[in-house]
Undergrad: 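Would you mind keeping the following structure in view while I ask a few things?
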Amino acid sequence: MKFKFNQSPLICFLFFKQNPNYRKYSSQINRVYMATSVVTQNPPSTEEEDLNDDKLCSSISSFSLNETQNPPESVSISSLDKEGRIERAWAHWRKLGEPKLIVAPMVDNSELPFRMLCRKYGATAAYTPMLHSRIFTETEKYRTTEFTTCKEDRPLFVQFCANNPDTLLEAAQVVAPHCDYVDINLGCPQRIARRGYYGAFLMDNLPLVKSLVEKLAQNLPVPVSCKIRVFPKLEDTLAYARMLEDAGCALLAVHGRTRDEKDGRKFRADWSAIKAVKDAVRIPVLANGNVRHMEDVKNCLKDTGVDGVLSAETLLENPALFAGFRTAEWIEGEEESTKVGGIDQGDLLVDYLKLCEKYPVPWRMIRSHVHKLLGDWFKIHPEVREDFNKQSNLTFEFLYDMVNRLRDLGTTVPLYVKSTGLEVSANNDSEQAVCDS
């Protein structure tokens with residue numbers, strides 16, 4: 001049988017794996033992929049430097065590697081047929097309540113207090129920030145500051161970046177008792193992911209991707225999920241999704257942009273590609289991209305048929321998105337059908353700070369959320385922002401006083417809701433509003 005090597009790498013890989021002469025073609029496969037062996041992780045020094053960030057409190061629960069030397073008995077994926085694996089994937093998803101409104105993974109920004117804030121305002125599941133698997137296994141301080149959770153923080157996806165199956169498994173075994181999915185980051189398009197050889201840059205090495213998924217699926221007591229970006233060619237994306245499903249992925253989150261489409265405001269996510277993935281696989285699928293308010297949520301669910309939606313950047317400015325609130329940017333053209341919602345970003349920041357006092361996190365995360373939530377306020381009063389930036393050692397007292405100072409200056413940047421009231425809910429009933437409307 002002849003095969004043209006100008007086909008896409010993904011099609012080549014799947015062709016050879018299914019061909020009885022697979023071993024015969026192994027050298028050709030290597031040429032297609034350039035390097036199929038696992039590489040040693042080599043993250044940039046800035047990630048190590050982040051470990052020096054002060055922790056607020058030493059009372060946070062510590063998950064050490066020693067605590068999970070004997071994890072619960074795992075199930076070998078090879079012992080189950082595909083039908084059984086699909087049934088198990090759906091049974092687990094249904095057991096979690098089939099959450100539809102989900103906080104996407106965001107480096108340094110989807111930490112425990114922010115997840116709990118979003119849950120208060122309608123989110124029904126959440127991802128942790130991306131955790132670096134090698135640093136997680138090697139550095140106790142990184143484990144105890146970067147991954148914290150509580151019993152109310154469920155359903156929970158814990159996301160790792162990795163390029164070494166054994167290292168990934170070692171890290172995943174630590175968090176498995178404390179989450180509902182261990183997620184593999186296959187979608188990060190940033191330069192740091194290129195340097196560290198993880199995220200979306202593993203799309204160039206599909207045998208390695210397959211080995212990462214199989215390693216977790218065969219050895220963890222909880223399901224493995226994957227978050228991906230799409231290929232430029234739809235057929236490559238569909239083959240990729242099927243490969244992940246066959247490797248043992250139990251849930252797939254699809255960001256509808258390619259690796260090169262980094263700017264979400266410049267490039268619209270391709271919902272048609274997400275729908276095609278949903279139609280091509282049999283496991284639960286989540287959609288990521290173009291979700292700015294609850295109308296987008298409803299449209300995405302309807303247009304793609306997915307089982308849930310993720311939001312990232314919009315939640316940073318408006319953690320109450322899933323409760324039906326929206327910023328002024330997203331009411332243009334709909335002014336007559338919207339009204340002031342009764343809360344603003346200052347209220348949300350105060351809620352967040354109280355959660356930080358309860359669930360301490362590094363100050364760099366808090367700083368980031370202050371800038372995101374009060375960005376429009378700081379544009380009106382840049383002198384307040386300058387005072388904030390001058391603070392080398394932040395305190396909660398200073399931050400609460402800063403919000404009060406902005407209010408005393410007459411700053412008002414309200415959030416809005418649809419005047420019909422159909423979208424508004426400050427609890428998990430917002431999910432029902434999405435399904436029923």
Side-chain angles (χ1 to χ4, degrees), residues 61-80 82 84-100 102-105 110 112 115 119 123-133 136-137 143 146-162 164-187 209-228 244-253 281-286 307-308 310:
S61 299
S62 172
F63 305 112
S64 70
L65 292 172
N66 293 330
E67 293 175 358
T68 54
Q69 290 299 312
N70 297 305
E73 184 178 352
S74 60
V75 178
S76 174
I77 200 96
S78 61
S79 67
L80 300 171
K82 186 171 182 178
R85 289 191 282 110
I86 299 299
E87 290 177 6
R88 288 167 62 88
W90 279 104
H92 185 73
W93 184 244
R94 287 191 290 267
K95 181 180 178 181
L96 298 178
E98 302 182 62
K100 286 185 168 56
I102 303 169
V103 181
S110 55
L112 177 58
R115 296 196 300 269
R119 291 181 192 275
T124 51
Y127 286 72
T128 66
M130 181 194 76
L131 303 171
H132 196 294
S133 59
F136 192 87
T137 60
R143 291 194 296 274
E146 303 304 309
F147 174 59
T148 57
T149 187
C150 62
K151 65 180 181 178
E152 297 85 7
D153 186 31
R154 308 294 283 268
L156 180 65
F157 297 70
V158 177
Q159 186 184 77
F160 287 102
C161 69
N164 185 303
D166 292 330
T167 301
L168 175 60
L169 176 61
E170 185 179 3
Q173 287 174 330
V174 177
V175 303
H178 311 287
C179 67
D180 301 287
Y181 290 91
V182 172
D183 185 79
I184 305 174
N185 182 335
L186 300 173
V209 171
K210 186 172 185 287
S211 70
L212 293 170
V213 178
E214 288 179 333
K215 191 71 171 184
L216 295 193
Q218 294 172 11
N219 293 282
L220 284 184
V222 296
V224 55
S225 61
C226 298
K227 188 169 185 294
I228 66 172
L244 293 170
E245 180 181 56
D246 290 342
C249 177
L251 179 144
L252 189 60
V281 300
R282 298 170 59 193
I283 55 177
V285 174
L286 309 178
D307 305 288
L310 281 66

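These numbers come from the heavy atoms of this one structure, side chains and all, not from hydrogens, waters or symmetry mates.
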Undergrad: CG of L96 to CZ of R94: how many Å apart, nearest 0.5 Å?
TA: 11.0 Å
Undergrad: Passes side-chain contact (heavy atoms from CB on, under 4.5 Å), L156 versus T149? Steps please.
TA: CA-CA 9 Å; L156 180 65; T149 187; 3.6 Å; yes
Undergrad: May I ask you to test the C150-L112 pair for a side-chain heavy-atom distance under 4.5 Å?
TA: yes
Undergrad: Please report the closest heavy-atom contact between A162 and L212, naming both atoms and the distance.
TA: O-CD1, 3.8 Å
Undergrad: Can you tell me how far OG1 of T137 sits from CG of L131, rounded to the nearest 0.5 angstrom?
TA: 11.5 Å
Undergrad: Report yes if some heavy atom in the side chain of L244 is under 4.5 Å from a heavy atom in the side chain of L186; otherwise report no.
TA: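 Answer yes - side chains close enough.
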Undergrad: Is a donor on one side and an acceptor on the other found under 3.5 Å between the side chain of H92 and the backbone of D180?
TA: yes
Undergrad: So, the side chain of R115 versus the backbone of S110: is there a donor-acceptor pair under 3.5 Å, distance only?
TA: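 Confirmed, R115 side chain pairs with S110 backbone.
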Undergrad: So, for P284 and A250, which heavy atoms are closest and what is the spacing to 0.1 Å?
TA: CD-O, 3.3 Å
Undergrad: How long is the span from the CG atom in L168 to the CD atom in Q173, to the nearest 0.5 Å?
TA: 10.0 Å
Undergrad: Are the side chains of P223 and W93 in contact, using a 4.5 Å heavy-atom criterion?
TA: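 Heavy-atom side-chain distance check fails, nothing below 4.5 Å.
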Undergrad: For the side chain of N185 and the backbone of F160, is there at least one donor-acceptor N/O pair under 3.5 Å apart?
TA: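 Not at all, since once roles are kept as given, no pair shorter than 3.5 Å links the two residues.
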Undergrad: How many angstroms lie between atom CG of D183 and atom CG of L251, to the nearest 0.5 angstrom?
TA: 8.0 Å
Undergrad: Answer whether the closest heavy-atom distance between the side chains of K227 and P105 falls below 4.5 Å.
TA: yes
Undergrad: For T128 and Q159, which heavy atoms make the closest approach, and how far apart are they?
TA: OG1-N, 3.1 Å
Undergrad: Check the pair L286, L310 against side-chain contact (heavy atoms from CB on, under 4.5 Å), reporting the backbone distance first and the verdict last.
TA: CA-CA 7 Å; L286 309 178; L310 281 66; 3.5 Å; yes
Undergrad: Taking all atoms of both residues into account, what is the closest heavy-atom pair of A217 and A247, and its distance?
TA: CB-O, 3.9 Å
Undergrad: Shortest non-hydrogen contact from C249 to I283?
TA: O-CD1, 3.4 Å
Undergrad: In Å, rounded to the nearest 0.5 Å, how long is the span from CD of E214 to CG of D246?
TA: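 Those atoms lie 9.5 Å apart.
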Undergrad: I'd like to check the ring pair (Phe, Tyr, Trp, His ring centres under 6.0 Å) partners of F157; sequence neighbours left out, ordered by chain and number.
TA: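 Listed in chain order: Y127, Y181.
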Undergrad: Do the side chains of D153 and R119 get close enough for a salt bridge, i.e. N-O under 4.0 angstrom?
TA: yes
Undergrad: If the threshold is 4.0 Å, N to carboxylate O, is there a salt bridge linking E245 and R85?
TA: no
Undergrad: Could you report the tightest heavy-atom contact between K151 and R154, atom names first, then the distance?
TA: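 It is O-CG, 3.7 Å.
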Undergrad: To the nearest 0.5 Å, what is the distance between CD1 on I184 and SG on C161?
TA: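 So the gap between those two atoms works out to 11.0 Å.
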Undergrad: Quick check: do C226 and V213 have side-chain heavy atoms less than 4.5 Å from each other?
TA: yes
